[in-house]
Amino acid sequence: MRLSHLFLAAVCTATVGFAIAQTPAVAVPVPSPTAAAAPMPPAPVPQGAKAWLLMDSATGQVLAGENIDAAADPASITKVMTSYVVAAEMKNGKVKSSDLVTISENAWRSGGGGTDGSTSFLPLNGQVNLLELEKGMVIQSGNDAAIALAEHVAGSETAFVSLMNSYAQRIGMKNTRFMNPHGLTADGHVSTARDLALMGRAMARDFPAAYAYNKMKEFTVNGITQHNRNGLLWKDPTVDGIKTGHTSKAGYCLLASAQRDNQRLISVVMGIESKSQAEGFRLREMGNLNLLNWGFRFFENHTLYAAGAKIAEPKVWKGKAELVSLGVSEPLQINVPRGRYQELKPSMDLPKFVIAPLKKGQKVGTVRVSLDGKVIAERDLVAMNDVEEAGFFGRLWDEFWMWWES
């Protein structure tokens, strides 16, 4: 046997105990102070609702609900997506808040004072500041304002609706199809309780300044003052949105949201039928308020892992560095029943061999958090730093040990 082969065999034998790939345990977060676990009563089912849902805004977790993916008419809750598109196109520099928007005959006839729907009473061929139109649509639920905004942003209602559906897909609204920007009944115009909650969540998260219009209790356009149709704004100071809806087909609907301390919840009630408008308003408002109160009472938010914090540090093969720090690019937050934080079970999936080169931000594995055997949160584990590839002999050495272990 050649001397070089003897040397290699000797070194291999001496170091085999240190070369075995180690899968690091996922770092368990330190529990923050929390109240004792409380008995969990069932969620209060909104009276008369065909579909309803309560969602944690920070995580997107559904805390309770029924028929949350059933297709339903969203009525004027549609206008939240119209507002989202306007805000997004404004951010992209396509339109400005100072733009003067002309009220076309289409907007005037289809959504104006001569219709049965909500209107801002905009004058035919008049010019209105875009920001005023936006507030008129959000606060007064003006159908004419929605049409005028759509035409100004995209050139036509049809083109704008295409934008609405594109943004809806980006948000994750998998079972929604918009046919107009205002929500009046139209064939194929459908959404779901889950999708509407995701839409409200995205509006509050992505465009907080535009979202804040939803909290305004009244607004004046063209000398006419109208009140916000969301009666919860007068019933609970923590409620800051979002949108009501009603047509004969949709029934009475409400997408609501409230923030208490660092926790935001979103509720949806759809499809309440009532011969009395006052009763329809009451049922949708109390249905949402009861859900919000239940959620704030019996659930709590926690940040398990901050963005950039080291969660694991596995061995790197064929790299200039021995280890790489892994973490999450965005905070991993969860919402759990109050007092059950310490029952969370974190776990981690990593490949058997983490191989260089690695780029900062590159996905390496997955971290999951479970409660009662069910995964409630999941995030990509990404490299927190670059790891360059080792030289020829370093790579050859690790190649041998990878072969040995496999």
Side-chain angles (χ1 to χ4, degrees), residues 34-35 38 41 43-47 49 52-61 63-65 76-77 79-80 83-84 87 118 131 134-142 193 196-221 225-246 252-270 272 277-303 333 335 338:
T34 181
V45 178
Q47 183 180 342
W52 59 273
L53 172 147
L54 182 67
M55 177 180 285
D56 175 60
S57 182
T59 64
Q61 286 175 243
L63 306 181
S76 279
I77 298 177
K79 295 185 177 83
V80 178
S83 186
Y84 187 95
S118 304
L131 189 57
E134 168 82 355
K135 292 179 179 178
M137 179 186 70
V138 171
I139 302 160
Q140 301 174 336
S141 198
L196 294 182
L198 290 173
M199 179 176 69
R201 177 191 184 216
M203 189 73 210
R205 177 195 64 209
D206 298 343
F207 304 108
Y211 174 82
Y213 304 152
N214 293 280
K215 192 175 182 179
M216 297 175 65
K217 294 182 177 179
E218 64 179 36
F219 190 65
T220 302
V221 175
T225 299
Q226 296 186 67
H227 291 91
N228 196 314
R229 287 163 170 76
N230 183 0
L232 289 184
L233 297 176
W234 284 266
K235 291 180 170 66
D236 187 329
T238 69
V239 173
D240 55 12
I242 306 176
K243 189 74 188 74
T244 62
H246 174 258
Y252 291 89
C253 311
L254 176 57
L255 167 65
S257 184
Q259 181 158 343
R260 301 179 188 176
D261 297 325
N262 66 338
Q263 187 177 12
R264 175 177 292 281
L265 298 179
I266 298 171
S267 60
V268 184
V269 171
M270 303 183 74
I272 293 176
Q277 184 184 73
E279 181 68 0
F281 286 178
R282 185 188 72 82
L283 288 175
R284 73 183 180 187
E285 289 168 10
M286 294 312 300
N288 277 271
L289 187 57
N290 289 341
L291 284 172
L292 292 169
N293 285 335
W294 176 82
F296 284 120
R297 170 65 182 87
F298 294 105
F299 288 85
E300 58 189 12
N301 278 103
H302 292 279
T303 298
Q333 297 175 300
N335 192 288
R338 191 171 299 276

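Computed from a prediction, not measured in an experiment: that's the story for all the values here.
- Taking the six-membered ring where the residue is Trp, Tyr252 and His246 present parallel rings, their angle staying beneath 30° rather than reaching 60°.
- Pairs passing the salt bridge (charged side-chain N to carboxylate O under 4.0 Å, His left out) check and including a residue from residues 277-287, sequence neighbours excluded, read Lys235-Glu285, Glu279-Arg282.
- In this structure, the side-chain hydrogen bond (donor to acceptor under 3.5 Å, both in side chains) partners of Asn335, at least two apart in sequence or on a different chain, are Asp56, Asn301.
- To the nearest 0.5 Å, the span separating CD1 on Ile242 from CG on Leu255 amounts to 4.0 Å.
- In this structure, the separation between CG on Asn230 and CZ on Phe281 is 10.5 Å, given to the nearest 0.5 Å.
- Judged purely by atom type and a 3.5 angstrom limit, Asn228 has no side-chain atom pairing as donor or acceptor with the backbone of Lys215.
- The side-chain heavy atoms of Met55 and Leu198, taken from C-beta on, include a pair separated by under 4.5 Å.
- Under the side-chain hydrogen bond (donor to acceptor under 3.5 Å, both in side chains) criterion, Glu218 pairs with His227, sequence neighbours left out.
- Between the side chain of Arg201 and the main chain of Ser57, a donor-acceptor pair closer than 3.5 Å is present.
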Exercise. Any chance you could lay out the side chain to side chain contact (heavy atoms under 4.5 Å, CB included) test for Leu196 and Met270, step after step, and finish with the verdict?
Key: CA-CA 10 Å; Leu196 294 182; Met270 303 183 74; 3.7 Å; yes

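- Atom CZ of residue Phe298 and atom CG of residue Asn293 lie 10.5 Å apart, to the nearest 0.5 angstrom.
- Here Arg229 pairs with nothing under the salt bridge (Lys or Arg N to Asp or Glu O under 4.0 Å) rule; sequence neighbours left out.
- The side-chain heavy atoms of Phe207 and Ser83, taken from C-beta on, include no pair separated by under 4.5 Å.
- Distance CZ/Phe299 to CG/Leu54: 7.5 Å, rounded to 0.5 Å.
- Summarising the geometry of Ile266 relative to Ala197, their closest heavy-atom pair is CD1-O, 3.7 Å, with the distance given to 0.1 Å.
- Qualifying side-chain hydrogen bond (donor to acceptor under 3.5 Å, both in side chains) partners for Thr244, counting only residues two or more places apart in sequence or in other chains: none.
- Inter-residue side-chain proximity for Tyr211 and Ser257 is flagged as met; some heavy-atom pair is nearer than 4.5 Å.
- We find the OH-CG distance between Tyr213 and Leu131 to be 4.0 Å, quoted to the nearest 0.5 Å.
- Within the 4.5 Å cutoff, no side-chain heavy atoms of Val138 are placed close to those of Lys135.
- Checked against Trp52 for a side-chain contact (heavy atoms from CB on, under 4.5 Å), the options Leu254, Val45, Asn288, Val268 give a single hit: Val45.
- With contacts defined as side-chain heavy-atom distances shorter than 4.5 Å, the pair Tyr84/Met199 does not qualify.
- Closest of all the heavy-atom pairs between Gly241 and Leu233 is N-CD2, 4.1 Å.
- Here salt bridge (charged side-chain N to carboxylate O under 4.0 Å, His left out) pairs that include residues 254-269, with residues two or more places apart or in two chains, are Asp236-Arg260, Asp240-Arg264.
- Although no hydrogens or angles enter the test, the distance criterion places no donor-acceptor pair under 3.5 Å between the side chain of Arg205 and the main chain of Ala58.
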Practice problem: Show the numbers, then the answer: is there a side chain to side chain contact (heavy atoms under 4.5 Å, CB included) between Ser141 and Lys243? | Solution: CA-CA 8 Å; Ser141 198; Lys243 189 74 188 74; 2.9 Å; yes

